[in-house]
Amino acid sequence: MSDLIRLCAVEDLVPGEMRLFELDGFDPLLLCNSGEAFHLVEDECTHAIASLSEGRLDGHTVFCPLHGGSFDIRSGKALALPCKQGLRTYPVVIEDGAIFTRKR
Ligand code: FES
């Protein structure tokens, strides 16, 4: 049995776009298309309670809508204060034109 969980079709997320997913058994997840690759990170900012899906994506950097902190979506690393703790990252699998993640 496959442990893959389908998120959406590859064509559903154009470069520069991001989308929130709320899946059973997961914290809210943010799927991002940097233009080079798809990345999946936790959606909640590590500084306070804010959904990064309401922020802005610029290349590999997602900016929090609340206080302007930012993260690298490839590694989850915090890039700008007030964020110090990085985001959790999740696997992305592309298969048959669709984007999946994997149960841990
Ligand atoms: Fe994200 Fe403060 S809640 S930077």
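Computed from heavy atoms alone, side chains included, the values below leave out hydrogens, waters and symmetry copies. For ligands, and for the atoms within them, numbers begin at 1 and follow the listed sequence.
- When atom types are taken as modelled, the side chain of E17 and the backbone of V14 share a donor-acceptor pair closer than 3.5 angstrom.
- Ligand-side atoms of ligand 1 in range of C64: 1 (Fe), 3 (S), 4 (S), range being under 4.0 angstrom from any heavy atom.
- Remark: ligand 1 atoms within the under-4.0 Å shell around heavy atoms of C83 are 4 (S).
- In terms of modelled atom types and a separation under 3.5 Å, the side chain of T89 and the main chain of V41 share no donor-acceptor contact.
- For a distance bound of 2.8 Å, the N, O or S atoms of C45 include one lying that close to atom 1 (Fe) of ligand 1.
- Under the 4.5 Å side-chain heavy-atom criterion for grouping Ile, Leu, Val, Met, Phe, Trp and Tyr, L7 is connected to V10 within one hydrophobic cluster.
- Under the 3.5 Å distance criterion, the side-chain polar atoms of N33 are matched with a main-chain donor or acceptor of L13.
- No donor-acceptor distance shorter than 3.5 angstrom exists from the side chain of S53 to the backbone of L20, with no hydrogens or angles considered.
- Heavy-atom proximity to L66, at under 4.0 Å, picks out these atoms of ligand 1: 3 (S).
- For R19 (side chain) and D12 (main-chain N/O), a donor-acceptor pair under 3.5 Å exists by modelled atom type.
- The minimum distance between atom 2 (Fe) of ligand 1 and any N, O or S atom of H47 involves atom ND1.
- Contacts of P82 with ligand 1, taken as heavy-atom pairs under 4.0 Å, involve the side chain alone.
- Minimum-distance N/O/S atom of H67 relative to atom 2 (Fe) of ligand 1: ND1.
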